[in-house]
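This report concerns only the one structure given below.
As the structure lists them, so they are numbered: ligands from 1, and atoms in each ligand from 1.
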Amino acid sequence: MERLQRLVVTIDGSAGTGKSTVAQELAKRLGTECLDTGAMYRAVTVLAVDHGFDPTNGKSLSTAIREIGIRFDWKQKPPTIYLGEENVSQRIRDLEIGNIVSVVAKQPEVREVLVEQQREISKTHPLLVTEGRDQGSVVFPQASVRFFLKADVEERTNRRLKQLQDSGSKADTEEVRKNIETRDHIDSTREDGPLVCPDGAIVIDTSKMTITEVVDAMESEVTALLNC
Ligand code: DC
């Protein structure tokens with residue numbers, strides 16, 4: 001267990017801080033995989049929306065997750081995510097899903113199943129970079145390198161807009177900003193696994209940093225630790 005957690009690198013932070021991009025890049029530099037835990041909450045939201053489950057009914061959602069199954073295909077770079085046999089990697093990025101995902105992520109029964117699955121996934125990766133909201137605080141509190149990213153709302157809105165546009169989705173600035181602010185509020189005020197800066201985490205404000213600068217800073221922290 002100690003060895004397992006020694007080799008987990010956690011990256012937490014709110015939407016649009018650049019978490020996913022830097023986490024993938026860091027994992028690539030370290031020659032390992034990146035676990036996108038937001039993708040798992042989004043996949044459960046696809047389950048609710050596309051399969052007709054009430055997003056506030058955590059109990060029936062958690063049963064459905066166990067029955068249908070969520071898994072990553074680690075052979076793909078970045079890994080693709082499946083809900084049962086369906087590749088939902090594109091679908092999870094739809095604004096419709098982004099608008100509801102916080103409600104689903106608030107359900108303790110859903111969090112319980114996904115936290116359990118995240119810990120299982122870490123057992124099959126000798127070195128894992130994992131990103132989300134609760135990775136350093138709840139899921140892997142013993143991980144030796146824990147990062148917390150933050151950035152201005154303006155900057156985060158622009159980044160999310162670009163991401164949506166690049167993936168061919170229509171996006172309205174105000175709608176994206178509201179979506180980010182609402183999610184921040186729900187994520188940081190929920191009772192179970194709220195977005196908090198884990199004690200002892202390395203805080204990086206990415207507002208005025210390039211992706212390369214953020215990854216450089218993280219890589220030097222991780223390699224310093226792995227080499228000692
Ligand atoms: O990082 P993201 O935007 O893809 O996350 C989607 C949602 O899932 C967001 O509302 C926060 C939630 N989430 C969470 O509650 N816990 C995590 N470990 C990861 C994401």
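By the rule that hydrophobic residues join a cluster once side-chain heavy atoms approach within less than 4.5 Å of another member, Ile97 and Leu164 end up as members of separate clusters.
Of all atoms in ligand 1, listed by their number and element, those nearer than 4.0 Å to a heavy atom of Asp187 are 9 (C), 10 (O), 11 (C). Each of the following atoms of ligand 1 lies closer than 4.0 Å to a heavy atom of Arg42: 2 (P), 3 (O), 4 (O), 6 (C). Less than 4.0 angstrom separates some heavy atom of Arg111 from each of these atoms of ligand 1: 14 (C), 15 (O), 16 (N). Proximity to Arg160 (heavy-atom distance under 4.0 Å) selects the following atoms of ligand 1: 3 (O). Residue Thr37 has at least one heavy-atom neighbour below 4.0 Å for each of these atoms of ligand 1: 17 (C), 18 (N), 19 (C). Shown in contact with Ala105 at under 4.0 Å from a heavy atom are these atoms of ligand 1, numbered in order with element: 12 (C), 15 (O).
One finds a salt bridge joining Arg177 and Glu174 here, because a Lys/Arg side-chain nitrogen approaches an Asp/Glu carboxylate oxygen to under 4.0 Å. With salt bridges taken as basic N to acidic carboxylate O contacts below 4.0 Å, one links Asp187 and Arg133. At a threshold of 4.0 Å, the pair Asp50-Arg91 counts as salt-bridged, since one of the basic side-chain nitrogens sits closer than that to a carboxylate oxygen.
Residues Glu131 and Thr10 bring no donor and acceptor atom of their side chains to less than 3.5 Å of each other.
Each of Gln118, Gln117, Lys123 was scored for a side chain to side chain donor-acceptor pair (under 3.5 Å) with Glu120, with one residue passing: Lys123.
Of the candidates Gln135, Arg183, Arg190, Glu131, Arg183 brings a heavy atom nearest to atom 6 (C) of ligand 1.
Ligand 1 lies less than 4.0 angstrom from a heavy atom belonging to Lys19.
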